[in-house]
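In what follows, a single structure is set out as structure tokens and then discussed.
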Amino acid sequence: MPRSQQRILGLVLAAALVVTSVSDAAEKRPGASAFLQSLIIPGWGQYSLGQKNSALLFIGSELSLIGGILALKSYSASSKDDYIAMARSYARVEGEHGHDFYVDLGNWLNVDQYNEQRLRDREYEAMYTNRSDRWQWDSDEHRGEFKKVRIRSDLAKNNVVYLAGALVVNHVVSALHAGRTSALREKHLSGGTSPLEFDAVPTGALDGIAMRARLKF
């Protein structure tokens, strides 16, 4: 499995564990409904609580991240098509090949130079021996251009992983924010109590008292 796919799989598994644990905890606490709403769709819980500005912030972040992921995936795929076409046109590459082949293709002018280096390093298993694995660039300029396009494609693909991570973070932060906001509201409204309380405390003098105000949150 490619390393980028391994990172995505690990991210999904970690997100699943986080979602499961925080969901179980949320069900036992005030604000669970808003928490779960925003865990599913960032900003949903805030909207249900009447916090439209916060809702717009989280849903806007969500849409921006999704748009970025789709744009990067499209760019990566398009660039991959471009560098494969260049390999066929300028290096006489035939057939289908894996990612490692195209990395080697961009680093060596032809397959013979590559295989000679592998022989010197005694890395026999890394040699290309099939007829379909041969290549010969028509110029070093085209090889360098191919390498730049291939690297841009890989970078775009790798950045998808980081945006996916940010997407998970946006869900969790939105859920925590909505849950806490809802819990504080329920706490303040329960029993008709006010978040602002006044009480009388002795001043130390025999005939004196003082008023004290406390804001609970």
Side-chain angles (χ1 to χ4, degrees), residues 1-20 39-42 58-173:
M1 181 182 294
R3 189 171 300 176
S4 60
Q5 293 183 7
Q6 292 178 356
R7 287 200 296 265
I8 292 174
L9 179 59
L11 181 62
V12 171
L13 292 175
L17 291 174
V18 171
V19 169
T20 301
L39 189 62
I40 298 170
I41 302 177
F58 284 112
I59 193 62
S61 299
E62 184 80 355
L63 294 175
S64 297
L65 289 169
I66 292 174
I69 288 173
L70 295 177
L72 286 173
K73 287 176 67 69
S74 176
Y75 178 79
S76 177
S78 176
S79 297
K80 182 177 180 179
D81 291 339
D82 290 343
Y83 75 67
I84 289 177
M86 293 173 62
R88 291 174 178 172
S89 298
Y90 303 127
R92 293 179 286 181
V93 172
E94 299 177 357
E96 301 295 328
H97 302 276
H99 180 264
D100 290 343
F101 174 86
Y102 288 107
V103 173
D104 295 331
L105 181 67
N107 291 330
W108 299 88
L109 195 61
N110 57 58
V111 69
D112 294 326
Q113 290 182 0
Y114 170 86
N115 282 338
E116 288 174 5
Q117 184 61 50
R118 299 287 77 76
L119 281 172
R120 286 193 291 269
D121 295 338
R122 297 184 179 181
E123 298 176 352
Y124 308 117
E125 70 284 352
M127 295 177 62
Y128 292 111
T129 56
N130 295 330
R131 178 178 176 82
S132 61
D133 292 334
R134 299 195 61 81
W135 76 84
Q136 174 65 58
W137 285 101
D138 60 355
S139 69
D140 202 52
E141 180 181 357
H142 281 150
R143 182 193 62 80
E145 184 180 353
F146 161 89
K147 186 175 181 178
K148 290 179 181 178
V149 176
R150 196 270 304 164
I151 291 175
R152 287 200 297 266
S153 175
D154 289 352
L155 287 175
K157 186 176 181 180
N158 290 336
N159 285 335
V160 169
V161 178
Y162 300 120
L163 288 187
L167 203 65
V168 173
V169 171
N170 190 51
H171 280 252
V172 174
V173 171

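For Trp108 (side chain) and Trp135 (main-chain N/O), no donor-acceptor pair under 3.5 Å exists by modelled atom type. Side-chain atoms of Asn130 do not come within 3.5 Å of backbone N or O of Ser132 as any donor-acceptor pair. In terms of modelled atom types and a separation under 3.5 Å, the side chain of Asn170 and the main chain of Ala166 share no donor-acceptor contact.
For Asp121, the salt bridge (charged side-chain N to carboxylate O under 4.0 Å, His left out) partners two or more places apart in sequence, or in a different chain, are Arg118. Under the side chain to side chain contact (heavy atoms under 4.5 Å, CB included) criterion, Ala77 pairs with no residue, sequence neighbours left out. Asn115 pairs by the side chain to side chain donor-acceptor pair (under 3.5 Å) definition with nothing, not counting sequence neighbours. When the side chain to side chain contact (heavy atoms under 4.5 Å, CB included) test is applied to Arg122, the partners found at least two apart in sequence or on another chain are Tyr124.
Classification of Arg143 and Asp140 as a salt-bridged pair holds, one side-chain N sitting under 4.0 Å from a carboxylate O.
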Verify side chain to side chain contact (heavy atoms under 4.5 Å, CB included) between His171 and Val168, making sure each step is shown before the conclusion.
CA-CA 5 Å; His171 280 252; Val168 173; 5.7 Å; no
Run the side chain to side chain contact (heavy atoms under 4.5 Å, CB included) test on Gln136 and Leu109 for me, step by step, so that the C-alpha distance in whole Å, both residues' side-chain angles and the decisive distance to 0.1 Å come before the verdict.
CA-CA 6 Å; Gln136 174 65 58; Leu109 195 61; 4.3 Å; yes
Please step through side chain to side chain contact (heavy atoms under 4.5 Å, CB included) for the pair Arg134 and Asp112, ending with a clear verdict.
CA-CA 8 Å; Arg134 299 195 61 81; Asp112 294 326; 3.1 Å; yes
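For Arg120, the CZ atom sits in a packed shell: over 12 heavy atoms of surrounding residues, nucleotides or ligands are nearer than 6.0 Å. The neighbour count for Glu94 CD, taken as heavy atoms of other residues, nucleotides or ligands under 6.0 Å away, does not exceed 12.
For residues 76-87, the side-chain hydrogen bond (donor to acceptor under 3.5 Å, both in side chains) pairs, not counting sequence neighbours, are Ser76-Ser153.
The structure places OH of Tyr162 at 15.5 Å from CG of Leu65, a figure rounded to the nearest 0.5 Å. Separating the CZ atom in Phe146 from the CD1 atom in Ile151 is a distance of 9.5 Å, to the nearest 0.5 Å. Note: Asn159 CG to Leu155 CG = 6.5 Å, rounded to the nearest 0.5 Å. Taken from CD1 in Ile69 to OG in Ser64, the straight-line distance is 11.0 Å, to the nearest 0.5 Å. Separation of atoms CD1 (Ile66) and CD1 (Ile59) is listed at 7.5 Å; rounding is to 0.5 Å. From Met127, atom CE reaches atom CD of Glu116 across 9.0 Å, with rounding to the nearest 0.5 Å.
Two residues are said to be in side-chain contact when any heavy atoms from C-beta on lie closer than 4.5 Å; Asp154 and His99 meet this criterion.
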Would you give me the side-chain donor-acceptor pairs under 3.5 Å for residues 84-92, sequence neighbours excluded?
unit_1: Arg88; atom_1: NH2; unit_2: Glu96; atom_2: OE2; d: 3.4
unit_1: Ser89; atom_1: OG; unit_2: Ala85; atom_2: O; d: 3.0

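Aromatic ring orientation, Tyr114 versus Tyr128: tilted (interplanar angle from 30° to 60°).
Minimum interatomic distance between Tyr75 and Ala156 (heavy atoms only, all atoms of both residues): CD2-CB, 3.7 Å.
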